[in-house]
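Remarks on the structure that follows.
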Amino acid sequence: MIISWNTTNACNMLCKHCYRDAGVKAEQELSTEEGLKLIDQIAEAGFKIMIFSGGEPLMRKDIYTLVNHAREKGLRPVFGTNGTLLTAEVAGRLKDAGAAAMGISLDSVDPMIHDMFRGVYGAWQKAVDGMRACREIGLPFQIHTTVMDWNMAEVEDLTDFAVQEGAIGHHIFFLVPTGRAVNIEKETLRAEQYEELLRRILKKQSEVKIELKPTCAPQFMRIASEMGLKTRFNKGCLAGLSYCIISPLGIVQPCAYLNIPAGNVREKSFGEIWREAEIFKVLRTEKYKGGCGSCRYKKICGGCRARAYFYQGDYMGEEPWCLYKGRKES
């Protein structure tokens, strides 16, 4: 069970694909006291992995206190960060507080391309410096890449770079148009490109020892099965099943890209929202529509619920960028 908390809307970058439209700290973000209480409730609800993200989570002054509390509650604290604030001192404090691993964004092996996408000159070098700071003190890190039509050709090169820098994994995120990303929807991959890249990633996995994980492309489970490959994963789309996200204001939703509120932790306990929210109950039926509903792989794939919602207005609808859709169970 995995949960992601967008600890703040504040960010030191202007990424073109940001689902939070982050930049300026939002009014009435959860306080330290509220954050500690939330962590208690997350642990009580049975979650095991807690992702601290944003915005940029390292812009919260109390981040070390929050991480330490999560560790003390038996959670595994990990991060989604742009990496530019990861100095040697910060990395050391995070490790001491109990951070288990850092996920650091890198979208190209070309610094200029990464910097343009992230909106800040010098972002690539600072992110790489952050990786090296983690490596030096023994704080595990992995690289996170958002894949678009203009960088899909270099995914394997980024994996090689991750290996070279000592990363423990390379997670490839397939963009869902949400927040600022709606402005670059035309640059996202389509069905044939998804199929091609997912097969390339799975092939690359057989060549490297670090973990490669396609994210928001649940059909990788079907493709792995077709290729006769085993993965440690049981399901493609986890939204509302074993994963959810909490906004800086305490709003719970199934995933970062499915922007439908399930409740607010300032009004109900997180555990109550997780157990009883209507959207979670519906998602857990797995009664998908269209090709996803009749697909023989629906139990291991599930289609991207957020992508179905963006393109069809129905989060139980058919995954629009899957070549396999419409085939019947046999």
Side-chain angles (χ1 to χ4, degrees), residues 1-4 6 17-20 51 53 80 144-149 152 155 171-182 184-202 212-226 231 233-245 252-262 279-327:
M1 299 254 286
I2 306 172
I3 192 163
S4 180
N6 294 148
H17 64 303
C18 181
Y19 63 84
R20 278 282 169 228
I51 305 170
S53 63
H144 291 171
T145 298
T146 296
V147 65
M148 309 290 289
D149 59 5
M152 66 175 288
V155 167
H171 287 204
I172 300 98
F173 289 74
F174 288 66
L175 186 138
V176 179
T178 314
R180 286 202 289 268
V182 298
I184 55 172
E185 188 276 337
K186 291 182 179 180
E187 299 174 32
T188 63
L189 306 187
R190 298 306 193 243
E192 292 80 5
Q193 294 169 311
Y194 269 68
E195 193 86 4
E196 174 201 337
L197 182 54
L198 288 171
R199 290 184 180 277
R200 282 168 42 200
I201 292 169
L202 290 168
L212 306 187
K213 169 64 166 62
T215 301
C216 297
Q219 55 268 50
F220 88 90
M221 292 292 291
R222 182 257 305 169
I223 295 173
S225 178
E226 291 174 343
T231 76
F233 308 102
N234 298 316
K235 179 82 171 184
C237 182
L238 305 179
L241 304 179
S242 59
Y243 173 81
C244 70
I245 192 166
V252 181
Q253 59 189 70
C255 80
Y257 312 103
L258 184 50
N259 193 19
I260 300 176
I279 189 170
F280 291 151
K281 289 181 178 180
V282 174
L283 286 166
R284 290 163 191 165
T285 67
E286 299 183 279
K287 293 181 178 179
Y288 311 124
K289 300 175 184 177
C292 287
S294 59
C295 181
R296 62 182 296 187
Y297 293 104
K298 69 179 180 181
K299 288 294 183 181
I300 62 169
C301 172
C304 177
R305 299 300 96 218
R307 199 169 283 115
Y309 183 68
F310 176 80
Y311 288 100
Q312 302 172 22
D314 184 351
Y315 60 82
M316 296 301 284
E318 180 179 281
E319 156 73 70
W321 302 130
C322 178
L323 286 180
Y324 198 81
K325 62 185 179 182
R327 301 189 191 182

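Just so it is clear, the model here is predicted, and its values are computed rather than measured.
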So, taking the atom named [atom1] in [X] and the one named [atom2] in [Y], what distance separates them when rounded to the nearest 0.5 Å?
{"X": "Phe233", "Y": "Met221", "atom1": "CZ", "atom2": "CE", "result": "8.5 Å"}
{"X": "Asn6", "Y": "Tyr19", "atom1": "CG", "atom2": "OH", "result": "4.0 Å"}
{"X": "Phe174", "Y": "Tyr194", "atom1": "CZ", "atom2": "OH", "result": "6.5 Å"}
{"X": "Asn259", "Y": "Thr178", "atom1": "CG", "atom2": "OG1", "result": "7.0 Å"}
{"X": "Ile245", "Y": "Cys255", "atom1": "CD1", "atom2": "SG", "result": "7.5 Å"}
{"X": "Ser4", "Y": "Tyr243", "atom1": "OG", "atom2": "OH", "result": "4.0 Å"}

Close side-chain approach of Met152 to Glu196, heavy-atom, < 4.5 Å
yes
Are Cys237 and Arg307 close enough that some pair of their side-chain heavy atoms sits under 4.5 Å apart?
no
Given side-chain contact (heavy atoms from CB on, under 4.5 Å), test Tyr324 with Cys301 step by step and report yes or no.
CA-CA 11 Å; Tyr324 198 81; Cys301 172; over 6 Å; no
Check side-chain contact (heavy atoms from CB on, under 4.5 Å) between Asp149 and all other residues, then give those that pass, not counting sequence neighbours.
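So Asp149 forms a side-chain contact (heavy atoms from CB on, under 4.5 Å) with Glu187, Leu189, Gln193.
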Check side-chain contact (heavy atoms from CB on, under 4.5 Å) between Tyr309 and all other residues, then give those that pass, not counting sequence neighbours.
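Counting only residues at least two positions away or on another chain, Tyr309 forms a side-chain contact (heavy atoms from CB on, under 4.5 Å) with Leu258, Ile260, Tyr315.
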Donor-acceptor under 3.5 Å (Glu318 side chain, Pro320 main chain)
no
Which heavy atom of [X] sits nearest a heavy atom of [Y], and at what distance?
{"X": "Ala191", "Y": "Cys322", "value": "CB-N, 4.2 Å"}
{"X": "Val176", "Y": "Ala181", "value": "O-CB, 4.0 Å"}
{"X": "Gly236", "Y": "Phe220", "value": "CA-CE2, 4.5 Å"}
{"X": "Met316", "Y": "Val282", "value": "CE-O, 3.6 Å"}
{"X": "His17", "Y": "Leu175", "value": "CB-CD1, 3.3 Å"}
{"X": "Gly240", "Y": "Leu283", "value": "CA-CD1, 4.0 Å"}

Decide whether Ser294 and Arg296 meet the rule of one side-chain donor and one side-chain acceptor closer than 3.5 Å.
no
Please determine whether side-chain contact (heavy atoms from CB on, under 4.5 Å) holds for the pair Leu241 and Arg284, giving the CA-CA distance in whole Å, both sets of side-chain angles, and the decisive distance to 0.1 Å.
CA-CA 6 Å; Leu241 304 179; Arg284 290 163 191 165; 3.7 Å; yes
Intermediate values then yes/no, side-chain contact (heavy atoms from CB on, under 4.5 Å), Phe310 and Glu185
CA-CA 11 Å; Phe310 176 80; Glu185 188 276 337; 4.1 Å; yes
Indicate the ring-plane relationship of Trp321 and Tyr311, choosing parallel, tilted or perpendicular according to the 30° and 60° boundaries.
perpendicular
Please determine if Lys298 and Glu319 form a salt bridge, counting it only when a charged side-chain N lies under 4.0 Å from a carboxylate O.
no
Would you call Glu192 and Arg199 a salt bridge, using N to O less than 4.0 angstrom?
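Looking at Arg199 together with Glu192, the answer is no, because their closest N to O distance does not fall below 4.0 Å.
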Just to verify, which of Ile223, Leu197, Leu212 counts as forming a side-chain contact (heavy atoms from CB on, under 4.5 Å) with Leu202?
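Only one option passes, and that is Ile223.
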Residue set satisfying side chain to side chain donor-acceptor pair (under 3.5 Å) with Tyr288, at least two apart, ordered chain then number -> Lys235
